[in-house]
Amino acid sequence: MKLKYKVLFLVLLIGISASAQKNHKSFKIESSTKIEQLKYNLGKDFGGRYSKSMSCYWNDTLYLCMIDYDCFENLTLFMYDVKTASYSCCNIDMKPICRSFRGNPYMIEHFATNGKDLVLCDVNDDECLWVFKKQGDTFVFDCKIPDPDYLFGKSMRFLPNGKLLGLKNYAYSRDNNPTKLSLLDMESKSVTKTINVDFPLIGFTFMSPYENLSVSDSSIMLSQRGEYKISEYDFDLNKKGDLTTTPEGWKQMPTNLSDSLMNSNPHLANKCAAFMNASEDYSQIQYISADENTLMVFYKQRTKDEYLYYDVWNRENGLWKLQYRNICDKTNSLRHLSERSLFYFQANYTHLYIIGERMLRVRMDIPDLGRHIKSVYMNKLQEHLLNNDLSFVVDVLKFD
């Protein structure tokens, strides 16, 4: 399981150090909805109090949550309605999945829902899926589905045909194929199909966070990390094709170097450290988001950079074409980060969903602390982050 970064202000210091660059594809925030009850406190999180922020999109509704492990017997699930730009929430009783434990009773890595079923991926001890069913205005525990092969451990999505798609993408694997796509039938609670996916630069999965799976109404998109390649599949996991290009400034790690690093040491921690040190000057894909006719690919030119670039692909007459390339997602503005950068410094806490000609963005609400020189502003921001609860915000973005 990947460790999340804790010190937001340190990431911010790095992420804003570069000078501003004008993007030829800019955006504006049409509306912002603060999720008042969904809060995060950096000062309370150094002991691992919170899960990472999690979200999924289904049928004009954005579902989001973050577990406070100090209150583990209850989970609040928030539901943002795109059509009304408003949200509601429900409280879910988690006591049925709590076990005798030392530390956290469960460790939820991500979830998926289709409005009727809610599936939580637990990676604490014995990997499994916890299935909840909609009853009234909440979800009630139904059953446990073991996942000993970690087939749903990296990510999962419900497909329009009702099946649950799972992604395994982890360098430390019990078999020779560390990347797989799988389908789970919700009626029989059984995996009906699994395919192996070639993922030659698997060491890049050591670096978290990243999101390389996206599902639209017609297809599944899965990206590599250390090479620029996005594969498209149908809902029966048949491959439809690949999208590839070479961005300006892209430097790909040689496969023989990756292989030697992955075979350099039998211990996972040492292997991880060796790969991360060697990968600093190489490029990687960090995040993809797709709908029926648009795909956005976010990437770093070097892994030691905190800011991202992104490309925009459009489908025309059934064929994918690269429309915009090498858009730099960085800004030197401390006070206007969210208006000028899609991710700004919050890659761990930002989620993006393309919905037609707009985009939904989940982000943390960082306050405007007034006009100050950079060093003073950073001190004020650091103090604020450590001592205040931060709510999450759902933005509706419109691109020019």
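In this chain, residues are counted from 1 in sequence order. Keep in mind that the numbers below use all heavy atoms, side chains included, and drop hydrogens, waters and symmetry copies.
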TODO: Please assess Tyr106 against Trp130 for the test ring pair (Phe, Tyr, Trp, His ring centres under 6.0 Å), listing each intermediate value before the final yes or no.
DONE: CA-CA 10 Å; Tyr106 51 80; Trp130 302 108; 8.1 Å; no

TODO: Report yes or no: does Tyr287 contribute a side-chain atom to a donor-acceptor pair with the main-chain N or O of Leu352 at less than 3.5 Å?
DONE: yes

- [ ] Locate the shortest heavy-atom distance separating Ile202 from Thr205; write the atom from each residue and the value.
- [x] O-OG1, 2.7 Å

Open item on the list: Strictly below 4.0 Å, N to O, side chains only: are Asp236 and Lys193 in salt-bridge contact?
Closed with: yes

Open item on the list: Can you confirm whether or not the ring centre of Tyr349 sits under 6.0 Å from the ring centre of Tyr40?
Closed with: yes

Task: Polar contact flag, side-chain donor to acceptor under 3.5 angstrom, Tyr353-Ser55 - done: yes

TODO: Taking Arg361 for its side chain and Ser338 for its backbone only, find out whether a donor-acceptor pair lies under 3.5 Å.
DONE: yes

Open item on the list: Could you check whether Lys83 pairs with Asp81 (Lys NZ or Arg NE/NH1/NH2 to Asp/Glu carboxylate O, under 4.0 Å)?
Closed with: no

TODO: Would you confirm whether Asp122, through its side chain, and Met107, through its main-chain N or O, come within 3.5 Å as a donor-acceptor pair?
DONE: yes

Task: Donor-acceptor pair, side chain of Asn212 and main chain of Ser223, under 3.5 angstrom - done: yes

Open item on the list: Between Thr113 (side chain only) and Gly115 (backbone N and O only), is there a donor and an acceptor less than 3.5 Å apart?
Closed with: yes

- [ ] Answer yes or no: is there an ion pair linking Lys398 with Glu357, defined by an N-O contact shorter than 4.0 Å?
- [x] yes

TODO: Mind telling me whether Phe204 and Phe275 have parallel, tilted or perpendicular rings, with 30° and 60° as the class edges?
DONE: perpendicular

Open item on the list: Between Tyr309 and Phe298, is the ring centroid distance below 6.0 Å?
Closed with: no

Task: Short N-O contact, Arg363 and Asp395, less than 4.0 angstrom - done: yes

TODO: Please determine, by modelled atom types, if Trp58 and Asn114 share a side-chain donor-acceptor pair under 3.5 angstrom.
DONE: no

Task: Residues Thr331 and His336: side-chain donor-acceptor under 3.5 angstrom - done: no

TODO: State whether a side-chain donor-acceptor pair under 3.5 Å links Thr303 with Glu280.
DONE: no

TODO: Could you tell me which non-hydrogen atom of Val123 sits nearest to which non-hydrogen atom of Glu127, and how far apart they are?
DONE: CA-CG, 4.3 Å

Open item on the list: Ignoring hydrogens and geometry beyond distance, is a side-chain donor-acceptor pair present between Asp365 and Ser391 at under 3.5 Å?
Closed with: no

Open item on the list: Side chains of Trp250 and Glu227: any donor to acceptor distance under 3.5 Å?
Closed with: no

Task: Polar contact flag, side-chain donor to acceptor under 3.5 angstrom, Tyr210-Asn169 - done: yes

Task: Pair Asp149 + Lys168, salt bridge at N-O below 4.0 Å - done: no

Open item on the list: Could you check whether any side-chain N or O of Asn238 sits under 3.5 Å from a backbone N or O of Asp234, counting only pairs where one atom can act as donor and the other as acceptor?
Closed with: no

Task: Ion pair Asp389/Lys39, N-O distance below 4.0 Å - done: no

Open item on the list: Check this for me, if you would: do Arg315 and Glu292 make a salt bridge, where the nitrogen-to-carboxylate-oxygen distance has to be below 4.0 angstrom?
Closed with: no

Open item on the list: Tell me the closest heavy-atom pair linking Ile108 and Ser51, and the distance in Å.
Closed with: O-CB, 4.1 Å

TODO: Answer yes or no: is there a donor N or O on one side and an acceptor on the other, between the side chain of Lys229 and the main chain of Thr244, under 3.5 Å?
DONE: no

TODO: For Gly370 and Tyr377, work out which heavy atoms get closest and say how close.
DONE: O-CE1, 3.1 Å

- [ ] Check Phe235 against Asp217 and note the closest heavy-atom contact, atom names and distance.
- [x] CE1-O, 3.5 Å

TODO: Give the intermediate values and the outcome of side-chain hydrogen bond (donor to acceptor under 3.5 Å, both in side chains) for residues Tyr299 and Asp311.
DONE: CA-CA 9 Å; Tyr299 52 91; Asp311 296 343; 2.9 Å; yes

Open item on the list: Between Asp281 and Lys251, does the salt bridge (charged side-chain N to carboxylate O under 4.0 Å, His left out) criterion hold? Intermediate values first, please.
Closed with: CA-CA 8 Å; Asp281 290 321; Lys251 185 178 180 181; 5.4 Å; no

Task: Basic-acidic side-chain contact under 4.0 Å: Lys239, Asp242 - done: yes

Task: Result of checking Trp313, Tyr310, Tyr324 against Met296 for side chain to side chain contact (heavy atoms under 4.5 Å, CB included) - done: Tyr310

Task: Pair Asp142 + Lys133: basic N to acidic O under 4.0 Å - done: no

Task: Distance-only side-chain donor-acceptor flag, Tyr87 / Gln37, under 3.5 Å - done: yes

Task: Exam field: side chain Asn74 to backbone Asp93, donor-acceptor pair closer than 3.5 Å - done: no

Open item on the list: Under a 4.0 Å threshold between the charged nitrogen and the carboxylate oxygen, would Arg225 count as salt-bridged to Glu211?
Closed with: no

TODO: Would you confirm whether Lys271, through its side chain, and Met262, through its main-chain N or O, come within 3.5 Å as a donor-acceptor pair?
DONE: yes

TODO: Please check if the side chain of Arg325 supplies one atom and the backbone of Thr245 the other of a donor-acceptor pair under 3.5 Å.
DONE: no

Task: Tyr63 ring center near Phe111 ring center (under 6.0 Å) - done: no

Task: NZ/NE/NH1/NH2 to OD/OE distance under 4.0 Å, Arg49 and Asp68 - done: yes

